[in-house]
Q: 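Following this message is one structure expressed as structure tokens.
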Number of protein chains: 2
Amino acid sequence: MPDKPDKRSRNDHNALSVFTDLCHETREALGAMQQLVRFPAGQAITREGEEINFVGIVASGILRMQKTLTDGRHPIVGLLVEGDIFGQVFDGATEVAIEAATDTEVYAFPRGRFETLMRRSPELDRAVLLNILNELDRTRDWMVILSNAKIVNRVAGFLLIMCTRFVGVEHLVQARRDGIEVNIPMSRLDQAHLLGTRPESISRALHALAEAGDIIINTPNRILILDTGALAERVGEEDLCSITNLKNLLANKELLS
Amino acid sequence: MPDKPDKRSRNDHNALSVFTDLCHETREALGAMQQLVRFPAGQAITREGEEINFVGIVASGILRMQKTLTDGRHPIVGLLVEGDIFGQVFDGATEVAIEAATDTEVYAFPRGRFETLMRRSPELDRAVLLNILNELDRTRDWMVILSNAKIVNRVAGFLLIMCTRFVGVEHLVQARRDGIEVNIPMSRLDQAHLLGTRPESISRALHALAEAGDIIINTPNRILILDTGALAERVGEEDLCSITNLKNLLANKELLS
DNA sequence: TTGCTCAATTGATCGAAATCAATGAGGTTC
DNA sequence: GAACCTCATTGATTTCGATCAATTGAGCAA
């Protein structure tokens, strides 16, 4: 794989930026115990109820957290992107399966040593706590989106979340002259699992949004968003995952173009 | 109000049981700074984006956390019951409004002093963390329920969550000879906000469940659950909020009857 | 008791999504 | 290149839920 493993250098606000606030020795200790692990797309990382013996931080790629229902459905309860922490520490009682949605790189830290370090470093403890709080926020955002009766509106919210979530992650969100192009790193089926519907409805909703002039479907997975305001209005939530950030992004196109 | 304020005594697994694991002095310190505050049903405790200067622990009653959308809708993103912690500490960046769904008593702790105590007591810190993790779990459970296409199934999950959430809270869940009676402390409209639908559909779904023989509607808000298994099968999630606990409850009816 | 108010329910209609089925497009293997 | 294979898309039909409208029922005040 020709992927540069020293992605840490560009820690604007993703990657290992969770830890930039930490003191030198803590970062040293983390660096000493970290190990880069690769997962190809589709591979399961944890099954529900399975213990894992490491704490992971996503270095690149997308992971999906999902539940398995008795009728075979696999609703997705969240996504993990660059910089997100996962593992026993904050998984706690939760029983979710984690799978690689794309090819993924993960920094793995042995659980025991990580927890020891957490006890010694309040900053690290705080960083983990913040990560969990963010995850809680995002999950609530998904709830708001799911409570939308019309699928078109759910998809609108989905696109916005994708943007805000992926801002700064290379090749996933890029500012264009006429809007923001987002690369959705999963199939229609996965999107359906996330939004509580079926792939056909996702397809129809996207094309309805295109019809309305809010987006342009460049390829099935590369969506050009023309009007973030129109999408936001559909969801009804002005500040979904701080859309204002998106507007800043638009204002500073040169940052990504 | 004739409500006994010394509810702390029955800390089986609710009330202030979050803190039973704490050492003596920490509990002393907490007791010294706590203050009991009452909120009548319907009263707003925090608005979205508003800072509150205390950390709260629900002593009795139900709070609902909700978002306000531009179109006037108020989707509910979670409930807080006896023993749940809320406030700036774990609200973090989240902007949710909190309202009393029923008459409520809350133990309030001044924020600054609470945080100081957290820094001095790793156990308290851990307790708060655990509470947040539980909240994350529950929010994901709501996601699973909301991802259900059919309203009947959502309502089925709703009833189960109500049971598991309210077990041990007096007057809300009681074991009967023929099943479990749960008291739903909110209107059909609120239930609709929680499940992403309209009150009429809630009504129809409940009566459909009654028709199917899974439940009996004693009064609009007092539902007797006859067959937890049937409800669980509708949701598809075997272990939703640990339904097994419910079965234990059924087996030990004398505990509550 | 009579009226009043609000919530829950029921009915009827309309629109939207699930479902079933078929076609098309892109990539892979041989 | 040809034969697949997966995924996205489109179409047709049916089911379900939103919506509008009307009714019932339970507190509550006078």
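All values derive from a computational prediction rather than experimental measurement. Chain A is the first sequence line, chain B the second, and so forth, proteins listed ahead of strands; every chain is numbered from 1.
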Q: Before accepting this row, confirm whether a basic side-chain N of the pair B:Arg176/B:Asp178 lies closer than 4.0 Å to the acidic partner's carboxylate O.
A: no
Q: Charged N to carboxylate O under 4.0 angstrom, B:Asp190 versus B:Arg64?
A: yes
Q: Do other residues, nucleotides or ligands put more than 12 heavy atoms under 6.0 Å from the CD atom of A:Glu233?
A: no
Q: Separation of B:Leu206 atom CG from C:dA7 atom C1', in whole Å?
A: 14 Å
Q: What is the distance from atom CD1 of A:Ile76 to atom CG of A:Leu194, rounded to the nearest 0.5 Å?
A: 5.0 Å
Q: Using the heavy-atom set of chain B and a strict 4.0 Å cut-off, write down the first and last nucleotide of DNA chain D that makes it in, 5' to 3'.
A: D:dC16 to D:dC20
Q: For nucleotides 12-18 of chain C, give me one character per nucleotide, 5' to 3': B if any protein heavy atom sits under 4.0 Å from the base, S if the only such contacts are to the sugar-phosphate, - if neither.
A: B---SSS
Q: Under the side chain to side chain donor-acceptor pair (under 3.5 Å) definition, can you give me all pairs with a residue in residues 213-223 of chain A, not counting sequence neighbours?
A: A:Glu181-A:Asn218, A:Glu181-A:Arg222, A:Asp214-A:Arg234
Q: For B:Glu82 and B:Ser60, does a side-chain donor sit closer than 3.5 Å to a side-chain acceptor?
A: no
Q: May I ask you to say whether A:Glu135 pairs ionically with B:Arg140, meaning some side-chain N is under 4.0 Å from a carboxylate O?
A: yes
Q: Any salt bridge between B:Arg165 and B:Asp141, counting N to O under 4.0 Å?
A: no
